[in-house]
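These notes are about the structure you will find just below.
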Amino acid sequence: MFTTLFIKPTFNLLVLIYTLLPGHNFGLAIIIFTIVVRLLMWPLIKKQLHQAKAMRELQPEIKKVKKAAAGNKQKESLMLMELYKEKEISPFGSIGTLVIQLVVLIGLYQGLRKVVVNPQHVVDFSYTWLQHTGWLKTLAGDIHKFDASLFGVLDLTRAARSASGTYWPAMFVVIGSAIAQYFQSKQLLPDAKKSRSLKAILKEAGSGNKADQSEVNAAVGRSTRYFFPVMIFFFTVGIPSALSLYWLTSGIVAYIQQAKVLGKDEQEMEAVADKQIIEGEVVKRPKASKKSKSKVASKRRKK
């Protein structure tokens, strides 16, 4: 069922792009496929980014709630629910987007693995209507015409690290995907200049002071900017570079999308702040009374 509902549709979208693409370059098809998937997910991704940013900015309010609850977990949970409802925030709003991204990744991995084992699966694993397209008909007659590379530079079936040694074209892609993930994670994190490290928080807690859970969560979140890139590196270094290429492209597109959303939010916040400042000045400026106005008018008549 998972193959029918997820793996096959994901792989066939890639094959459709591959067959329609002039030159039929499989590496370029993966890049375009990744961009198309990210664009299709844009409404969900945009909502996820807004939720993440809102949760980050809500931390001072969450601290106040925890202080007001005074250790009463039930009261704290109810107060947090009210706070989320008031601010129209769903703490689990990003789960759906993460699940979809994971499903696409698994579907693509399973489909590409079939192609690596046997290139004939490009034809056999495609839908019947897709098998009747011109290029797949050609491949069905001679599968050796299938070129599993990115412009002949990167062999998408080879891993960056294998028993035969290091394949450097793939290694550069793996390193690039880890770097892209680092900047993507860092982009979502608040400014760490005034934030304490997890080590400092735990050291203070060890001396008897109670650690603030929200501060601990923020410190753990900052550590993920190193954890995820390292995890991606070790995950992709031993698998076909086709998936590393997908991850690199996805990371770059995600960074651009995040910059667009977060930059727009920042401009909107600045506009609201400017408006509040202007309104504040208008309110603070004293209005001339009718009595003072009449005195000024009488003085002018005398002159």
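All values derive from a computational prediction rather than experimental measurement. One is the number of the first residue; the rest follow in order along the sequence.
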Item to check | Pairwise distance NE2(His24) to CD1(Ile17) - rounded to 0.5 angstrom | outcome: 14.0 Å
Item to check | Spacing of CD1 belonging to Ile32 relative to CG belonging to Asn25, to within rounding of 0.5 Å | outcome: 9.0 Å
Checklist entry - Considering all heavy atoms of both residues, which atom of Lys137 and which atom of His132 are nearest to each other, and what is their separation? => result CE-O, 3.2 Å
Item to check | Beyond-backbone contact of Val37 with Leu39, side-chain heavy atoms, under 4.5 angstrom | outcome: no
Checklist entry - According to a 4.5 Å side-chain heavy-atom criterion applied to Ile, Leu, Val, Met, Phe, Trp and Tyr, with indirect links allowed, do Ile256 and Ile45 form part of one hydrophobic cluster? => result yes
Next on the checklist: Treating Gln131 as the side-chain partner and Ala140 as the backbone partner, does any N or O pair qualify as donor plus acceptor under 3.5 Å?
Outcome noted: no
Ignoring hydrogens and angles, write down the donor-acceptor pairs under 3.5 Å from the side chains of residues 175-182, residues two or more places apart or on other chains.
unit_1, atom_1, unit_2, atom_2, d
Ser177, OG, Val173, O, 3.4
Ser177, OG, Val174, O, 2.6
Gln181, NE2, Ser185, OG, 3.0

Next on the checklist: Taking the side chain as everything from C-beta on, heavy atoms only, tell me whether Phe11 gets closer than 4.5 Å to Leu108.
Outcome noted: no
Checklist entry - After noting the C-alpha distance and the side-chain angles of Met171 and Phe233, does the key distance pass the side-chain contact (heavy atoms from CB on, under 4.5 Å) rule? => result CA-CA 9 Å; Met171 183 60 77; Phe233 177 86; 4.0 Å; yes
Checklist entry - Would you call Gln101 and Met41 a side-chain contact if the rule is heavy atoms closer than 4.5 Å? => result yes
Checklist entry - Are Phe183 and Val230 connected in the hydrophobic side-chain network, where two residues link if heavy atoms are under 4.5 Å apart? => result yes
Checklist entry - Which value, rounded to the nearest 0.5 Å, describes the distance between Arg113 atom CZ and Thr157 atom OG1? => result 15.0 Å
Checklist entry - Do Asp147 and Phe26 have side-chain heavy atoms sitting under 4.5 Å apart? => result no
Next on the checklist: Could you measure the distance from the OG1 atom of Thr10 to the CD atom of Gln110? Nearest 0.5 Å is fine.
Outcome noted: 11.0 Å
Checklist outcome for this item: One should read off an interatomic distance between Met79 CE and Glu86 CD, to the nearest 0.5 angstrom, of 11.0 Å
Checklist outcome for this item: With sequence neighbours left out, the residues meeting side chain to side chain contact (heavy atoms under 4.5 Å, CB included) with Asn118 are Gln120, His121
Next on the checklist: Quick one, Leu16 and Asn12 - any side-chain contact, counting heavy atoms below 4.5 Å?
Outcome noted: no
Item to check | Tyr167: ring pair (Phe, Tyr, Trp, His ring centres under 6.0 Å) partners, not counting sequence neighbours | outcome: none
Checklist entry - Do Val99 and Leu44 share a hydrophobic cluster (ILVMFWY, side-chain heavy atoms under 4.5 Å, transitive)? => result yes
Checklist entry - Which heavy-atom pair separates Trp135 from Lys145 by the least distance, and what is that distance? => result CZ2-O, 4.0 Å
Checklist entry - So which heavy atom on Ala159 is nearest to which on Val237, and how close? => result CB-O, 3.9 Å
Please tabulate, one pair per line, all N/O donor-acceptor pairs under 3.5 Å involving side-chain atoms of residues 240-255, not counting sequence neighbours.
unit_1, atom_1, unit_2, atom_2, d
Ser241, OG, Asp155, O, 2.8
Ser241, OG, Arg158, O, 3.2
Thr249, OG1, Leu245, O, 2.9

Item to check | Interatomic spacing from CG in Leu40 to CD1 in Ile35 - rounded to 0.5 Å | outcome: 12.0 Å
Checklist outcome for this item: Applied to residues 67-82, the salt bridge (charged side-chain N to carboxylate O under 4.0 Å, His left out) test, sequence neighbours excluded, yields Lys66-Glu76
Next on the checklist: Parallel, tilted or perpendicular: which one describes the rings of Phe2 and Phe6, with boundaries at 30° and 60°?
Outcome noted: tilted
Next on the checklist: A quick test of your reading: do over 12 heavy atoms of other residues, nucleotides or ligands sit less than 6.0 Å from CE of Met81?
Outcome noted: no
Checklist outcome for this item: Smallest heavy-atom separation, Val123 atom then Ile143 atom, equals CG2-CD1, 4.4 Å
Checklist entry - Do the side chains of Tyr127 and Val15 join up, straight or via other hydrophobic residues, at under 4.5 Å, putting them in one cluster? => result yes
Item to check | Nearest heavy atoms of Val261 and Lys46, plus distance in Å | outcome: CG2-CG, 4.0 Å
Checklist entry - Is Leu105 close to Tyr109 at the side-chain level, that is, under 4.5 Å between some pair of heavy atoms? => result no
Checklist entry - Tell me, do Tyr18 and Leu139 make a side-chain contact under 4.5 Å, heavy atoms counted? => result yes
Checklist entry - Given the rule in the side-chain contact (heavy atoms from CB on, under 4.5 Å) test, do Phe125 and Thr3 qualify, once you have shown the distances and angles that lead to the verdict? => result CA-CA 11 Å; Phe125 200 57; Thr3 300; 3.9 Å; yes
Checklist entry - Can you list the residues that meet the side chain to side chain contact (heavy atoms under 4.5 Å, CB included) rule with Thr133, with sequence neighbours excluded? => result Thr19, Leu130, Leu136
Checklist outcome for this item: Closest heavy-atom pair, Leu13 versus Phe33, reported as atoms and distance to 0.1 Å, is CD2-CE1, 3.7 Å
Item to check | ILVMFWY cluster, Val153 and Phe146 together (side-chain gap under 4.5 Å) | outcome: no
Checklist entry - Does any non-hydrogen side-chain atom of Leu14 lie less than 4.5 Å from one of Leu112? => result yes
